[in-house]
There are 4 protein chains.
Amino acid sequence: MKGIEPKKTFLALPLEKQKRIIETAASEFAERGFKGASLNSIVEKVGIAKGSLYQYFHDKQHLFLYVFDYGIRLAKGALKEIESKEISIFEQIRYSIFAGFRFVKKHPLIYQIYLKILFEDKVPFRKKLIGTLRFYSHKYLLPLLKRAKERGEIRPDVDLEMAAFMLDAMMEKMLQAYTLSYIDSIGLYKADDKTINRLVDAWIDILKKGLANGGID
Amino acid sequence: MKGIEPKKTFLALPLEKQKRIIETAASEFAERGFKGASLNSIVEKVGIAKGSLYQYFHDKQHLFLYVFDYGIRLAKGALKEIESKEISIFEQIRYSIFAGFRFVKKHPLIYQIYLKILFEDKVPFRKKLIGTLRFYSHKYLLPLLKRAKERGEIRPDVDLEMAAFMLDAMMEKMLQAYTLSYIDSIGLYKADDKTINRLVDAWIDILKKGLANGGID
Amino acid sequence: MKGIEPKKTFLALPLEKQKRIIETAASEFAERGFKGASLNSIVEKVGIAKGSLYQYFHDKQHLFLYVFDYGIRLAKGALKEIESKEISIFEQIRYSIFAGFRFVKKHPLIYQIYLKILFEDKVPFRKKLIGTLRFYSHKYLLPLLKRAKERGEIRPDVDLEMAAFMLDAMMEKMLQAYTLSYIDSIGLYKADDKTINRLVDAWIDILKKGLANGGID
Amino acid sequence: MKGIEPKKTFLALPLEKQKRIIETAASEFAERGFKGASLNSIVEKVGIAKGSLYQYFHDKQHLFLYVFDYGIRLAKGALKEIESKEISIFEQIRYSIFAGFRFVKKHPLIYQIYLKILFEDKVPFRKKLIGTLRFYSHKYLLPLLKRAKERGEIRPDVDLEMAAFMLDAMMEKMLQAYTLSYIDSIGLYKADDKTINRLVDAWIDILKKGLANGGID
DNA sequence: TATGAATGAGAATTCATTCAT
DNA sequence: TATGAATGAATTCTCATTCAT
């Protein structure tokens with residue numbers, strides 16, 4: 001992605017300070033969205049002067065993009081490993097979901113920012129951002145499913161694109177439920193770890209029945 | 001729900017004027033989100049004085065909540081009819097989805113507000129909103145599924161809460177795909193009417209295989 | 001000139017208050033130029049809230065243009081009467097100069113603003129402004145000279161455009177000298193009223209010798 | 001002039017570097033005026049650190065004054081040669097004008113700064129600048145005219161101070177017309193080279209008639 | 001009850017100046 | 001001597017909210 005470089009002043013900062021700034025900013029964006037976030041509030045929390053932030057980032061948008069990009073890099077790493085595992089498609093899906101869970105547990109703000117931006121109109125670069133980060137997207141799921149079909153794990157008459165859409169929907173929803181419950185304990189679905197496990201198992205079960213060759217594998 | 005009552009002055013207004021105010025506000029909130037929406041802009045479009053708005057609603061948040069509540073009431077109405085239809089659970093689901101489509105087509109702003117607000121702002125505010133919407137999967141879908149199980153349309157070992165969650169996720173994602181493509185042609189999945197139809201068909205098909213008694217049809 | 005209307009809120013103000021605002025703004029623009037003028041400073045001097053100024057004028061530029069236009073209207077009036085007087089061209093010139101003097105004495109800030117703007121690049125509308133207000137410009141002087149030539153007051157071989165340019169230069173310089181000395185008593189040319197009178201007389205004298213038919217009238 | 005000395009560190013710099021700094025600063029001041037000029041922008045263009053500029057000059061104002069003074073010295077040099085020429089006063093004037101033209105063509109920024117500053121900012125600042133420039137009409141023109149009168153080239157009854165003022169005004173206006181048309185084609189008087197030549201000729205002609213001994217040539 | 005002018009806190013951003021290295 | 005990061009006051013402008021009429 002272009003135009004997300006911070007000024008070199010920022011990169012010259014002690015890593016500890018860089019991190020403090022990014023995480024404070026992430027927390028502000030996560031809580032208030034792009035428009036709502038206040039640079040005033042960020043500098044105050046970090047404990048630097050207003051002008052300093054502008055030594056580090058060209059403007060609010062650049063700061064946001066950098067924080068977001070930082071999140072993207074973290075997220076991409078989290079899913080990489082699974083693709084190559086020699087396990088059935090259903091196991092891959094299960095792993096992916098739990099990789100997602102681990103990710104939002106470790107970096108809750110990043111996913112929150114993603115959720116915030118998803119439907120905020122006036123983030124000028126919204127389309128680009130959404131395209132960049134769909135946690136379990138076509139790009140990730142469809143190849144997985146195709147290979148599974150070739151291996152005979154999925155019935156030949158299954159509409160793979162449909163299946164990818166369905167998986168995406170489910171996985172993202174689960175992530176949302178997990179995140180929300182994790183972050184502010186709204187507990188929409190009483191989504192504690194135990195319940196989540198049960199949901200995932202039940203879902204994989206239905207999936208198998210719906211997609212797998214020969215039904216109950 | 002508490003705190004969403006407008007002042008009495010608003011309810012004393014001619015219905016036509018009430019409607020004009022709500023719909024203008026809805027359009028502003030849909031376009032700019034809660035924080036971004038400008039009361040200035042609303043009163044200007046409606047053609048009333050700024051002070052008047054404060055005669056009708058205590059503050060911006062109250063106005064927003066009332067508009068949102070208004071949307072909820074519309075949505076509930078749209079689903080009422082289906083519950084009573086004497087058709088299989090899978091047909092009910094199909095009907096529900098298309099009812100949703102018709103709804104967002106008829107009241108695009110309402111759904112947009114919902115999307116905007118889904119992850120916006122401070123927790124207590126959001127909690128109230130989302131809590132309201134759980135009605136869909138728990139109060140609407142779960143009873144539907146329970147009755148279907150009783151009628152033997154669904155395998156006895158299916159985890160109904162899980163299934164409700166799954167249906168909810170799918171329907172919401174479809175609505176999102178439909179709405180987004182409808183509203184600003186982001187078209188994450190190129191979800192034109194034809195594609196949507198195909199998705200729904202394929203999905204109902206998988207659902208049947210996953211949930212229905214008799215397994216692989 | 002377009003786009004110089006203040007908001008109606010401003011026009012609804014008591015005339016006394018309108019005047020106080022315009023004159024305070026004029027004084028600020030005169031002292032600091034367009035870029036340098038501070039709205040903060042203006043509202044503080046006037047004793048109104050920062051937001052109020054924005055109820056009156058769309059932005060800094062609109063405020064400036066209004067103040068400037070207000071000056072233009074004053075200036076145009078000051079020169080109108082002379083054109084029609086039944087006196088020799090040299091008397092008309094003398095009258096014009098003193099009309100200018102009276103004007104800058106009465107409205108010193110207006111002329112100062114004009115001088116400020118003359119060479120300030122970043123006033124976006126600079127070209128238009130300069131075109132609008134050249135105190136003794138071609139548009140004003142050339143017709144005067146043409147009629148004088150027709151009446152035989154000026155030698156037929158005089159290049160009128162050149163003469164207009166020359167008159168313009170002289171008159172404007174005199175105005176500047178007068179203004180500067182009047183405003184901050186720099187006294188570039190010890191340009192007190194007496195000296196100014198002597199300068200004007202001597203100059204008209206040279207002019208007659210240079211331009212008039214038959215030399216010494 | 002007091003207060004325009006740079007710090008010793010600046011004078012210790014290689015001449016080439018001094019020049020680069022002054023000319024870059026001149027270009028910035030010319031383009032944006034005193035208030036508008038950004039030290040950030042200057043140091044960036046020159047390629048030195050911001051702190052360094054403060055090693056060389058006490059502050060922004062000192063830098064500006066030094067740049068301006070540098071221009072004055074250049075201008076004085078340009079006029080030196082003419083004074084000693086053994087030609088009639090009218091020829092000297094003609095030469096002076098064209099010397100001025102050549103100067104603004106060679107150092108357009110210097111003259112622009114002069115124009116910018118002419119009426120800018122607080123009085124004491126300006127007083128210093130304009131005082132400096134009076135040298136032209138009083139220290140340069142007046143002696144020229146006195147000698148011409150002694151040589152009998154000018155009528156004995158001519159008010160020389162007045163004449164100096166007049167010449168000054170004309171020459172400045174011509175320079176302005178020339179510069180403005182040269183710099184940004186505002187072309188108040190469409191003052192292209194040809195027109196300028198015609199203006200100068202016509203003007204010298206009128207001057208002769210107005211000032212010269214023997215009157216109507 | 002309706003109005004809309006007034007308010008002032010708060011937004012993002014700029015920039016001359018300082019100072020530790 | 002040279003550096004450039006840090007500062008914070010100042011800039012223009014927005015907007016929810018109040019309140020006198």
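Throughout, protein chains are lettered first and strands after them, A, B, ... in sequence-line order, and every chain is numbered starting at 1.
Rounding to whole angstrom units, CG of residue C/Leu13 and P of E/dG4 are separated by 15 Å. Rounding to whole angstrom units, CD1 of residue B/Ile42 and P of F/dT17 are separated by 12 Å. Taking atom CD on D/Gln61 and atom C1' on E/dC15, their separation rounds to 16 Å, with Å as the unit. Atom C1' of nucleotide E/dA16 and atom CG of D/Leu63 are separated by 12 Å, given to the nearest angstrom. Atom NZ of A/Lys60 and atom C1' of F/dT14 are 13 Å apart (whole Å). Counting to the nearest Å, the P atom of F/dA16 and the CZ atom of B/Phe64 are 14 Å from each other. One interatomic measurement links the two molecules: CG of C/Asn40 to C1' of E/dT7, which rounds to 15 Å at whole-angstrom precision. E/dT1 atom C1' lies 8 Å from atom OH of B/Tyr56, rounded to whole Å.
Judged by a 6.0 Å distance limit and a 45° cone about the ring axis, A/Lys7 is not positioned over the six-membered ring of A/Phe57.
Put simply, the side chain of A/Lys45 never gets that close to the backbone of A/Asn40: no donor and acceptor are under 3.5 Å apart. Within the 3.5 Å criterion, the main-chain N or O of B/Glu23 finds no donor-acceptor partner in the side chain of B/Ser27. The main-chain N or O of A/Phe34 is found under 3.5 Å from a side-chain atom of A/Lys60 such that the two form a donor-acceptor pair.
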*Given B/Val46 and B/Ile42, is the side chain to side chain contact (heavy atoms under 4.5 Å, CB included) satisfied, shown in steps?*
CA-CA 6 Å; B/Val46 179; B/Ile42 292 173; 4.2 Å; yes
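Nucleic acid contact class of A/Lys17 (heavy atoms, under 4.0 Å, all strands): sugar-phosphate only. Within the nucleic acid shown, C/Thr9 comes within 4.0 Å of sugar-phosphate atoms alone, with no base atom in reach, counting heavy atoms only. Within 4.0 Å (heavy atoms only), B/Ser38 reaches sugar-phosphate atoms of the nucleic acid but no base atom. Across all strands, B/Lys50 comes closer than 4.0 Å to base atoms (heavy-atom distances). In this structure, B/Phe57 reaches neither bases nor backbone, as no heavy-atom distance under 4.0 Å exists between it and the strands shown. Within the nucleic acid shown, D/Lys8 has no heavy atom closer than 4.0 Å to any nucleic acid atom. Backbone-only contact: A/Asp59 has heavy atoms under 4.0 Å from sugar-phosphate atoms and none from a base.
Side-chain N/O atoms of B/Gln55 and B/Thr9 include no donor and acceptor closer than 3.5 Å.
Residue D/Ser52 has its side chain nearest to F/dA2 when only E/dG8, F/dT12, F/dA2 are considered. Here F/dC13 is the nucleotide among F/dC13, E/dG4, F/dT3 with the atom lying nearest to any side-chain atom of C/Leu39.
Annotation: C/Phe68 is in aromatic contact with C/Phe64 [ring centroid separation under 6.0 Å].
The line from CD1 of D/Ile48 to CD1 of D/Ile21 is 4.5 Å long, rounded to the nearest 0.5 Å.
Pairs of Watson-Crick or G-U wobble type, with distances under 3.5 Å, assemble into runs of 3 or more in DNA chain F at these ranges: E:2-21 with F:2-21.
Each of B/Gln55 and A/Gly51 was matched to the nucleotide of DNA chain F holding its nearest heavy atom; the match closer to the 5' end belongs to A/Gly51. Comparing C/Ala37 and D/Gly47 against DNA chain F, the residue whose closest nucleotide sits nearer the 5' end is D/Gly47.
For A/Tyr54, no side-chain nitrogen or oxygen approaches OP1 or OP2 of E/dT14 to under 4.0 Å.
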